[in-house]
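Numbering of ligands and ligand atoms starts at 1, following listing order. We use all heavy atoms of the structure for the numbers below, so side chains are in, but hydrogens, waters and symmetry mates are not.
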Amino acid sequence: MFTILFSSLLAAPAAAISNGLARTPQMGWNNWNSLGCDVSQDLLLDTSKVLLDSGLRDVGYEYVVLDDCWQGERGQNGYITYDEQKFPNGMKYIAGKLHDMGFKYGMYSSAGEMTCARFEGSLDYEKEDAEIYASWDVDYLKYDNCFHMGRFGTAKLSFDRFNAMSQALNATGRPILYSLCNWGEDYVHTWGMSLANSWRVSGDIYDHFDRPDALCSCNDPRDPHCVAPGSHCSVMNIINKVAPYVDRGGPGGWNDMDMLEVGQGGMTDSEYVAHFSMWCALKSALLIGTDLRKLTPNTLTILNNPAVIAVSQDPMGRSATRVRQDFNVKKDKYGQGEIQVWSGPLYPSDQLVILLNAADEDLTMTTDLNEIFVHEGPEGSAPHTKHEYAVYDLWADRMDERQAEKILQGDFKKYQKGWYNSTETPYKEGLTNRDERLMGKKVGTISPKSPELSAKVPRHGVKMYRLVNLSGSSTRYMLHKQEL
Ligand code: GAL
C-alpha cells in the first residue's frame with residue numbers, strides 16, 4: 001500500500017508551461033563558456049557545420065544558441081537591433097541557414113536594463129523584443145538576470161519579471177523555448193516550471209571538478225538570503241546544489257545545471273565523463289559549451305554516446321535521485337572528497353544506477369537492490385527488490401578515439417549507417433525496441449540472491465548502469481504507463 005501510494009505521488013505529471021516544447025531536456029550548443037563575447041555569424045554557421053559533420057546533430061544536439069554580446073542599439077521605435085559588424089546578414093539569415101541544416105536557432109537577453117555584458121537588456125521591452133525574435137524566426141531564448149533594477153528578492157518579484165517575457169513570447173504565436181537564467185535565485189525551482197522550459201539552478205559553472213571558489217556562493221539552496229550566486233561553480237558544487245530538488249524538473253520544464261565544460265581542457269577524461277553523465281542523469285538542459293571548431297576526438301567520444309544521451313532524453317523525464325552520500329573518504333588538495341550513489345527510473349521499466357566517486361583515489365564502490373530502490377520503499381520493502389535485473393554498462397561501448405578522429409577528418413558518411421540518428425528514430429522508439437546502441441553492454445545480473453552491484457570507479461569518475469528487469473512487467477511499469 002505504502003509503495004503504491006508513494007509511487008503514484010511521484011508519478012503525478014507536473015503542470016508545465018504550455019508551449020509544447022522541451023518534452024525532454026533541450027540539447028544543443030552555446031558559445032559562452034568557451035568564447036564569451038567573441039560572437040559572429042561565421043562562428044554560428046561554422047559551428048553548426050561541425051555539429052552536422054561530426055554526427056552530433058543526429059544524436060540530438062539541435063539548438064545552436066547565441067549568448068550575450070550580439071546586440072546593437074535600441075531604436076527610437078523600441079525595437080532592438082543587432083551588431084552589423086558581427087552579423088552582416090542579420091539574424092533572420094542565420095535562422096534560415098540553421099533551419100536548412102536541421103537546427104533551431106537560440107538567442108539571449110536579460111530581464112534587466114542591461115545584459116550581463118552590458119548590452120541592451122529587455123526589461124520593460126519584453127513585447128518588442130519577443131516580437132522581433134519571432135520576426136527573425138528564433139526558436140529559443142536564454143533569458144538572464146543582470147541589472148534587474150532591484151526587482152528581485154522575493155519569488156513573486158522574480159516571477160513577475162520573468163513572466164513578462166514568458167507572456168510576450170507566447171503572444172507572438174511562435175513556439176520559442178524559454179530558458180531562464182536567474183542562477184537559482186528566489187527559489188526558481190519552485191516556480192520556474194510555471195512559466196519556462198528550463199531554469200538555471202546555479203551561478204556560472206567553471207572548468208573544475210570540485211575546486212571551491214569564493215566567487216561561487218549560495219552553496220545552501222535552502223538559504224533564502226543568498227543574493228550572489230556568482231560564478232566559478234564546480235561540477236560537484238552544482239550537483240550538490242541541485243540534489244535536494246532534482247524532482248522539480250519534468251517534461252516541459254527542466255533544471256538547468258549550466259552549459260557543459262566537456263572539452264575545455266581543465267578536467268581529466270574521468271571528470272568530464274562524470275560531469276556529462278550526471279547532467280544526463282539529472283535531466284539538465286544539455287548544451288555543449290566548448291568551441292566545436294577545435295573539437296578533439298576525445299571530446300567527441302564523450303558527447304556522442306547515445307546510450308548515455310538516451311538517459312537524458314528518456315521519455316518519462318524523471319531525474320535520478322541521490323540515495324547515498326558519504327564523506328568518509330580520501331580528500332583532495334582542496335579538502336574535497338565524497339562518494340555518492342544515484343538511482344532513478346528509466347523508460348520503459350528500467351532503473352538507472354550511478355556510482356559517483358569524488359574521492360581522491362580510485363575506489364571499489366558497492367550498492368545493492370535495497371539501496372537502489374530505497375525510494376520505492378525502505379529497508380528492502382519495495383517489490384522491485386524481489387526481481388532479477390540484467391546490468392548494462394552505459395559507457396562500455398564508448399566510441400574508439402581512432403574512429404572519432406576519422407570522423408573529424410571528414411569520414412562521417414562512412415559511419416553514418418550504424419549511427420544512432422534520433423532525428424529519424426526518436427529515443428523513445430529506440431528504447432521501446434531495445435536498440436542495442438542505447439543499451440551499452442551487458443556486464444552481469446543482480447537478483448535477491450546476489451543483490452550487490454560492485455565496480456571499480458576511477459577517481460573523480462562514474463560507473464553508469466541501466467538495469468533491465470528480467471522478471472516480467474514490474475509494478476513501476478504499470479504505474480508509469482499512464483504518463484507516457
Ligand atoms: C551570465 C550567465 C552566463 C552568460 C553570461 C553572459 O549571467 O549566467 O551563462 O550568459 O551572463 O553575459
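Of all atoms in ligand 1, numbered sequentially from 1 with element shown, those under 4.0 Å from a heavy atom of Ala117 are 12 (O). Those atoms of ligand 1 that come under 4.0 Å of a heavy atom in Lys142, given as number and element, are 3 (C), 4 (C), 9 (O), 10 (O). Remark: ligand 1 atoms within the under-4.0 Å shell around heavy atoms of Cys181 are 2 (C), 8 (O). Proximity to Arg200 (heavy-atom distance under 4.0 Å) selects the following atoms of ligand 1: 8 (O), 9 (O).
Aromatic ring pairs are classed by plane angle as parallel below 30°, tilted from 30° to 60° and perpendicular above 60°; the pair Phe162 and Tyr143 is perpendicular. Using a 30° and 60° split on the angle between ring planes, Trp136 and Tyr133 fall in the tilted class, from 30° to 60°.
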Exercise. Test Asn357 against Asp362 for side chain to side chain donor-acceptor pair (under 3.5 Å), laying out the working first.
Key: CA-CA 8 Å; Asn357 176 9; Asp362 297 350; 5.4 Å; no
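No more than 12 heavy-atom neighbours from other residues, nucleotides or ligands sit within 6.0 angstrom of OH on Tyr125. By the 6.0 Å contact criterion, CD on Glu361 is enclosed, its count of non-hydrogen atoms from other residues, nucleotides or ligands being greater than 12.
Ranking protein heavy atoms by distance to atom 10 (O) of ligand 1, first place goes to Asp67 OD1, 2.7 Å. Among all non-hydrogen protein atoms, the one lying nearest atom 8 (O) of ligand 1 is Asp204 OD1, 2.5 Å.
Of the candidates Asp144, Asp68, Asn33, the one placing a heavy atom closest to atom 7 (O) of ligand 1 is Asp144.
Residue Ser319 holds its OG atom at 4.0 Å from CG of Leu282, rounded to the nearest 0.5 Å.
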